[in-house]
Amino acid sequence: QVHLEESGGGLVQPGGSLRLSCAASGRLFDGYALGWFRQAPEKEREFVAAISWDGGSTYYRDSLKGRFSISRDNAKNTVYLQMNSLKPEDTAVYYCAARPFGYKLVSETPADFASWGQGTQVTVSS
C-alpha cells in the first residue's frame, strides 16, 4: 500500500506557473511508475503525465507537451509536476497516482494505477 499526498496547488493568474509535489510513503519508491491526472468540474478524470520508476521515461497528454513537465526524486520519495504558461482550462483538481509495486513503466490509463492521493486544487483565473 502506497500513501500519496499532493501539495502546491492554489490560485494563479493566466500565464503563471505552479509546481505540484506528491510525497509517497509505504513501499519502496523506486519500485513503481507514477502519474498525474486531473479532473475539472463536470468532466471526467483525464491523464496529464506519467514517469517511469527511474525517471528515464516520461509521457504526456499531447495537448500539454511543452507546458507541463513531470519529474521525480527517488531520494526524497517525491514526484513533481511543473506547470508553465497556465490557462483557465487547466483549472482542475490534480491527482497523483502510483502503479502497483513492480509496475515500473509508464501508463496513461487510470485503471493501471493502484493508489491515489486526495488531490490538490489548481485554479487559473485573473
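Excluded from the calculations below are hydrogen atoms, water molecules and symmetry mates; all remaining heavy atoms, backbone and side chain alike, are included.
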So, taking the atom named SG in C22 and the one named CG in L4, what distance separates them when rounded to the nearest 0.5 Å? 4.5 Å

Qualifying residues under side-chain contact (heavy atoms from CB on, under 4.5 Å), relative to S126, sequence neighbours excluded: P14

With no hydrogens and no angle check, is any side-chain donor or acceptor of S107 less than 3.5 Å from a backbone partner on T109? yes

The side chain to side chain donor-acceptor pair (under 3.5 Å) partners of S7 (sequence neighbours excluded) come to none

Roughly how far apart are Q39 CD and Y95 OH, rounded to 0.5 Å? 5.5 Å

From F68 atom CZ to L20 atom CG, the distance as rounded to the nearest 0.5 Å: 8.0 Å

Please enumerate all residues that pass side chain to side chain donor-acceptor pair (under 3.5 Å) together with E46, with sequence neighbours excluded. R38, R61

Taking the side chain as every heavy atom from C-beta outward, state whether L11 and Q121 have any atom pair closer than 4.5 Å. no

So, using side chain to side chain donor-acceptor pair (under 3.5 Å) as the criterion, who are the partners of N74 when residues are at least two apart? R72

So the ring pair (Phe, Tyr, Trp, His ring centres under 6.0 Å) pairs with at least one residue in residues 12-31 (sequence neighbours excluded) are F29-Y32

Counterpart residues, side-chain contact (heavy atoms from CB on, under 4.5 Å), relative to S17 (two or more places apart): Q82, N84

Sorted by first residue and then second, give each ring pair (Phe, Tyr, Trp, His ring centres under 6.0 Å) pair with at least one member in residues 100-126; sequence neighbours left out. F37-F113, F37-W116

Other ILVMFWY residues reachable from L105 by side-chain steps of under 4.5 Å: none

Qualifying residues under side-chain contact (heavy atoms from CB on, under 4.5 Å), relative to Y59, sequence neighbours excluded: F47, V106, E108

Indicate if V12 and M83 have the same hydrophobic cluster label, given that clusters are the connected sets of ILVMFWY residues with side-chain heavy-atom separations under 4.5 angstrom. yes

Could you tell me the separation between the OG atom of S115 and the CG atom of L34, rounded to the nearest 0.5 Å? 9.5 Å

All side-chain contact (heavy atoms from CB on, under 4.5 Å) counterparts of E5, not counting sequence neighbours: H3

Please indicate whether E89 has more than 12 foreign heavy atoms, meaning atoms of other residues, nucleotides or ligands, lying under 6.0 Å from its CD. yes

Would you name the heavy atoms of Y80 and D73 that are closest together and state the gap between them? CE1-CB, 4.0 Å

Derivation and outcome, side chain to side chain contact (heavy atoms under 4.5 Å, CB included), residues S25 and N77: CA-CA 7 Å; S25 59; N77 289 5; 6.0 Å; no

Do the side chain of T58 and the main chain of I51 share a donor and acceptor less than 3.5 angstrom apart? no

Contacts of R67 that satisfy salt bridge (Lys or Arg N to Asp or Glu O under 4.0 Å) - sequence neighbours left out: D90

Could you list the residues that satisfy side chain to side chain donor-acceptor pair (under 3.5 Å) with D54, not counting sequence neighbours? S52

Judged by atom type as modelled, is there a donor-acceptor pair below 3.5 Å linking the side chain of E6 to the main-chain atoms of Q118? yes

Here the gap from L64 atom CG to S85 atom OG, rounded to the nearest 0.5 Å, amounts to 11.5 Å

